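Predicted, not measured: the structure shown is a model, and the values here were computed from it. Here is how names work: the chains are called A, B, and so on, in the same order as the sequence lines, proteins then strands, and each is numbered from 1.
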Number of protein chains: 2
Amino acid sequence: MASLKDVAQRAGVSVKTVSNVVNGYAYVASGTREKVELALAELDYRPNLSARNLRRGRTGVIALAVPELDAPYFAELARSVIKAAAERGWMVLIDQTDGVAARERELLQGVREQSVDGLIFSPVAIGRDDLAARTDATPLVLLGERVLDGPTDHIAVDNQSAAREMTAHLAGLGHTRIGAIGAQHRPGMGTARLRLAGYREGLAAAGLPYDEELVAPTPAYRRADGAEAMRRLLALPEPPRAVFCFNDLLALGALRTVLSQGLRVPEDVAVAGFDDIEDGRYSTPTLTTVSPDKDRVAKTAVELLDTRIDAGRRAGRGAAACREIEAPYRLLVRESTVGRAG
Amino acid sequence: MASLKDVAQRAGVSVKTVSNVVNGYAYVASGTREKVELALAELDYRPNLSARNLRRGRTGVIALAVPELDAPYFAELARSVIKAAAERGWMVLIDQTDGVAARERELLQGVREQSVDGLIFSPVAIGRDDLAARTDATPLVLLGERVLDGPTDHIAVDNQSAAREMTAHLAGLGHTRIGAIGAQHRPGMGTARLRLAGYREGLAAAGLPYDEELVAPTPAYRRADGAEAMRRLLALPEPPRAVFCFNDLLALGALRTVLSQGLRVPEDVAVAGFDDIEDGRYSTPTLTTVSPDKDRVAKTAVELLDTRIDAGRRAGRGAAACREIEAPYRLLVRESTVGRAG
DNA sequence: GTGAAAGCGCTAACAG
DNA sequence: CTGTTAGCGCTTTCAC
C-alpha cells in the first residue's frame with residue numbers, strides 16, 4: 001500500500017505537495033499537479049485513514065444507537081440516518097442497546113468516544129439524571145425522548161398531542177370504550193408516558209372517563225406483546241370497541257388477535273397504531289396510524305450533530321446552545337378504524 | 001484527554017510500562033502495576049483508538065453492506081450480525097447499496113478498505129466477473145449469493161432446493177396452477193435465478209408444466225412489487241390458485257391484493273414466501289415460508305471473517321482456502337397455504 | 001522488569 | 001507555490 005512518501009518520491013516532489021494535491025489545496029502549479037496526479041494513479045494511492053484521523057483528531061464516523069434494528073421503526077429510521085449521513089460524508093456505526101439501561105448508560109459514558117465524532121441516540125431506559133451525570137464530551141443528539149431542561153440537542157414529534165389527536169379520532173367515530181396498549185411501568189420510557197398522557201387528554205376532551213382497566217401495559221413493544229395485551233382486553237367482561245396502540249407493532253399484534261378470534265376490524269374492534277411502518281400500509285385491514293416524518297427526523301438529527309461537531313471543533317467547549325426540534329407528523333386514517341369506505 | 005505520556009509522568013514510570021499495563025502484559029512488578037493503575041484511574045485514561053489503529057494497522061470495525069436496511073430480512077440479519085460481531089469485540093459499520101451496481105462495485109474496489117478490517121456483503125447487482133476484477137484486499141465474506149468458483153468465502157442457504165421444496169409443498173396440496181412472483185431479468189440477482197430454478201424443478205417433479213404466463217417478474221422485492229405482480233396474475237384468464245413469492249415482502253404484498261379483491265387465502269389463492277420475517281408470523285393469514293437460520297448465517301459470517309482477518313495478519317497473503325458454507329433452513333407451513341386447520 | 005527511542009502515515013506550521 | 005520538519009498517541013524492538 002503506497003504512502004504519501006512513495007508518491008512524493010515517484011513524482012519527484014515533497015510530501016507536502018502531494019498532500020496538497022490529495023486534499024484539493026488550490027495553490028499548486030498545474031504542471032506539478034499533473035505529475036503528482038499521475039504518480040497517485042500509478043501507485044493507486046489511498047490515504048491511510050487511521051493516520052489522517054490521528055492527525056486531524058476526528059474519525060469520519062458517527063454512531064447511531066437504537067434499541068433494536070429489527071423493529072421496523074428503527075430500521076426505517078436507520079436507513080434514513082445512514083443516507084443523510086452519507087450525504088455529508090459520514091459513515092455510520094450502529095449500536096444496539098436492546099433497551100437495557102446499563103448498555104444505554106455505557107454509551108452516555110463514552111464507550112464510543114474514541115471511535116466516533118458524534119452520537120445519535122434513541123434511548124428508552126435512561127432518565128434525566130443519567131443524562132445529567134454524563135461524563136463523555138462527544139457531541140450527542142437525542143431522538144424521540146423529550147428530556148426537559150436536558151443539556152442536549154434533541155428531535156422528536158410531539159408525542160402527546162399526536163396521541164391526543166388519535167384518541168380524538170377514535171372518539172369522533174362514536175367509540176366510548178377506547179382502550180390503550182403499551183403503557184409502561186418502568187422508569188425512563190418517556191415516550192410511553194407522553195402517549196399515555198395524550199390518550200388521557202383525548203378521552204377527557206371527548207368527555208369520556210379514564211378507565212384503568214382498559215389500559216394494558218406491555219413488557220416491550222413487539223407484535224407478540226400487542227397480541228397478548230389484546231387477548232387480555234378482549235377477555236374483559238366489557239371489552240373495548242377501539243384500541244389505541246402505542247406503536248404499530250403492538251397494533252399489528254393486536255390486529256392478529258382480534259381477527260383470529262373471529263372478530264372483524266374495524267366493525268367489532270377498531271385498531272390504531274403509531275409510527276407508520278410499512279407493514280401497516282399492507283396489512284389487512286390497513287392500519288390507521290400516526291406518521292412521524294422519519295426522513296425529516298433523520299436529516300435533522302444529522303444536521304444537528306454536524307453543527308455541534310463543528311461547534312466543538314471551533315469553540316473550545318460547550319459553545320452552541322442546545323436545540324429542541326419538533327418534527328412534523330400526520331394522522332393517517334386507514335381501514336383499521338373506518339373500514340373500506342374511508 | 002489524558003495520553004499515555006501523561007499517565008507515565010503521573011505514575012513516575014515510562015510510557016512503555018504504562019502501555020504494558022494497559023495491554024495486560026504479564027511481566028510487570030506488582031508495585032509498579034498498582035502505581036500505574038492508580039494514575040490510569042485518576043486521569044480517566046482511555047486509549048486513543050486512532051493512534052492505536054495506526055500503529056497496529058487495524059480498526060476494530062467491520063462493515064456490513066446490504067441493499068437496504070428497512071427490508072425486514074436485512075434488518076433482522078443486521079441485528080444478528082451486530083450482535084455476533086459485538087461478542088468478538090467488533091463494531092459494525094453499515095453500508096446501504098440500494099442494490100445499485102455501481103455502489104456495490106465501489107465496495108468491492110475498496111471504498112471502505114481503510115476504514116474497516118473486513119466486509120460482510122450481501123450483493124444483488126454484481127456478478128462473478130465483478131468479483132474476479134476485485135482489487136481490494138480487505139477480507140470479504142459474501143452472503144446469500146452463490147458465486148461459483150469465486151475466490152471468496154461465502155455463506156447461504158440452498159436457495160434452489162428450498163424453492164423446490166416450497167413448490168412441492170404447494171403441488172402436494174393439489175394445486176396445478178402454481179404461479180411465481182419475483183423473477184428478475186437483470187443480471188446478477190443470483191438468488192432470484194436460483195429460486196426460479198428451484199420452482200421449475202418443483203413443478204417438474206410434480207409433473208406440472210412450466211407456464212411462463214404464471215411467472216411474474218418484479219422490479220424489486222418490496223411489498224408494492226408483490227401487490228402489483230399479484231394484480232397482473234389475477235387478471236389472467238385463468239389465474240393461478242397458488243403463488244410462490246421469492247420473498248416474504250412480495251408475499252405480503254400479494255396477500256394484500258388477493259384479500260382486497262374479496263378473495264380468500266388460502267381457499268381461493270394460496271400464498272407462500274421466503275425469508276421468514278416477523279411480519280409473516282403475525283399477518284392474517286399467517287404466512288407459509290422458507291425460514292433460513294439467520295442467526296446462524298450471521299454468526300458464521302462473522303466467524304469466517306474473523307478467521308480470514310487472522311489469516312491475513314498471520315500469513316503474508318492469500319493463505320486460507322475459501323470456504324463455502326450452507327446454512328440450514330426449514331419449511332414453515334402456516335395459514336396462507338393450508339388455512340386455520342393446519 | 002523497565003526505559004529510550006524509532007516510526008506507523010498524515011497534516012500543518014513555518015520557511016523560503 | 002513548494003520543501004522541511006515536528007508532532008498526533010500509540011506499540012515495539014532493543015538495550016540495560
Audit row: Arg46(A), Asp44(A), salt bridge (charged side-chain N to carboxylate O under 4.0 Å, His left out) steps and yes/no: CA-CA 7 Å; Arg46(A) 309 196 203 171; Asp44(A) 188 26; 3.2 Å; yes

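In the model, Thr59(B) has no side-chain atom that pairs as donor or acceptor with a side-chain atom of Asn53(B) under 3.5 Å. A donor and an acceptor atom, one from each side chain of Ser80(B) and Asp295(B), are located under 3.5 Å apart.
Closest-nucleotide positions on DNA chain C for Ala51(B) and Ala29(B) were compared, and the one nearer the 5' end corresponds to Ala29(B).
What separates CZ of Arg33(B) from C1' of dT2(C) is a distance of 13 Å, to the nearest Å. Between the P atom of dC10(C) and the CG atom of Leu54(B) lies a distance of 9 Å, rounded to the nearest Å.
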Please produce a list of atom pairs where a protein N or O lies less than 3.5 Å from an N or O of nucleotides 3-7 of chain C.
residue	atom	partner	partner atom	Å
dG3(C)	OP2	Ser14(B)	N	2.7
dG3(C)	OP2	Ser14(B)	OG	3.0
dG3(C)	OP2	Thr17(B)	OG1	2.5
dG7(C)	N2	Arg55(B)	NH1	2.9

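Phosphate contact (OP1/OP2 of dG1(C), side-chain N/O of Asn20(B), threshold under 4.0 Å): absent.
Between Val36(A) and Ala11(A) the shortest heavy-atom distance is CA-CB, 4.1 Å.
Within the structure, side-chain hydrogen bond (donor to acceptor under 3.5 Å, both in side chains) contacts touching residues 28-41 of chain B (residues at least two apart or in different chains) do not occur. Evaluation of the salt bridge (charged side-chain N to carboxylate O under 4.0 Å, His left out) test over residues 88-99 of chain B, restricted to residues two or more places apart or in two chains, returns Arg79(A)-Asp98(B), Arg88(B)-Glu303(B), Arg88(B)-Asp306(B), Asp95(B)-Arg112(B), Asp98(B)-Arg103(B).
Here Asp153(A) pairs with Arg308(A) under the salt bridge (Lys or Arg N to Asp or Glu O under 4.0 Å) rule; sequence neighbours left out.
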Counting only pairs under 3.5 Å, give me each side-chain donor-acceptor contact of residues 68-75 of chain A, with atom names and distances, residues two or more places apart or in other chains.
residue	atom	partner	partner atom	Å
Glu68(A)	OE1	Arg222(A)	NH1	3.1
Glu68(A)	OE2	Arg222(A)	NH1	3.4
Asp70(A)	OD2	Arg222(A)	NH2	3.4

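Within 4.0 Å (heavy atoms only), Asn53(A) reaches no atom of the nucleic acid at all.
When DNA chain D is scanned in the 5' to 3' direction for atoms under 4.0 Å from non-hydrogen atoms of chain B, the outermost contacting nucleotides are dG9(D) to dT13(D).
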